[in-house]
Amino acid sequence: GQSLEQPSEVTAVEGAIVQINCTYQTSGFYGLSWYQQHDGGAPTFLSYNALDGLEETGRFSSFLSRSDSYGYLLLQELQMKDSASYFCAVREWMDSSYKLIFGSGTRLLVRP
Amino acid sequence: NAGVMQNPRHLVRRRGQEARLRCSPMKGHSHVYWYRQLPEEGLKFMVYLQKENIIDESGMPKERFSAEFPKEGPSILRIQQVVRGDSAAYFCASSLQRDNHEQYFGPGTRLTVT
């Protein structure tokens, strides 16, 4: 079966840097995505890594190591509006189609 | 460009009633995915549809749940004879290409079964 693990909660100070880790166990792995979800809101796509290495998009970066079944989301220059839940999701080939398998999410609280 | 639209945003049903959840994908997108989310949990894949076809329904409960995406009109997730355990947020997402990792989510329908 598949499993994804990420911390349930992280707290950081405005202006700081925070890293949210994700480890996964799955077969048919094709890539790792990250989504942000504010309370009561819809998940929004942040990034996708299919290959090892770092992908940077503004203040957010995402890293993947396929050999370690590990990735992380790095948020820099934290702002209050970054307080939200962050989900890693494995893109997996299963049952004749690609699927996104989501982790349980990391709740990020940014304090002033 | 209108995003993914879902309605209703909130739906209350008594046990045994039927729930119909609607999803209109982004303009130009013909691939639709339905997910269920329980409080404090991640999204669980339910079904993937393309116009008039169910591509993958491996995440759908075998009974009471069905989904369609007709040639004209929105995709519909239908839950018959709802039970309290069906209470959850149901999100629809759409993508431009088949099996695309970048999915655009709607605001969700929060179903409460009393």
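Proteins get letters first, then strands, A, B, ... in listed order; numbering begins at 1 in each.
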B:Glu41 versus chain A, the contacting section by heavy-atom distance below 4.5 Å: backbone
Smallest separation among heavy atoms of B:Gln103 and A:Tyr35, with atom names: N-OH, 3.2 Å
Neighbour count >12 (heavy atoms, 6.0 Å) for atom CD, A:Glu77: no
A:Tyr72 reachable from A:Leu108 in the ILVMFWY side-chain graph, under 4.5 Å edges: no
A:Leu100 versus B:Tyr35, closest heavy-atom pair with distance: CB-OH, 3.7 Å
Heavy atoms of other groups near B:Glu18 CD, more than 12 under 6.0 Å: yes
Hydrophobic cluster membership, A:Leu32 vs A:Ile101, 4.5 Å side-chain cutoff: yes
More than 12 heavy atoms of other groups within 6.0 Å of B:Met5 CE: no
Cluster link B:Leu11 to B:Ile76, ILVMFWY, side chain under 4.5 Å: no
Residue-level contacts of residues 105-114 of chain B with chain A, using a heavy-atom cutoff under 4.5 Å: B:Phe105, B:Gly106, B:Pro107, B:Arg110
Part of B:Gln6 lying under 4.5 Å from any heavy atom of chain A: neither
Beyond-backbone contact of B:Tyr48 with A:Lys99, side-chain heavy atoms, under 4.5 angstrom: no
Whether over 12 other heavy atoms sit under 6.0 Å from B:Gln81 CD: no
same_hphob_cluster(A:Val10, A:Trp34) at 4.5 Å side-chain heavy-atom cutoff: yes
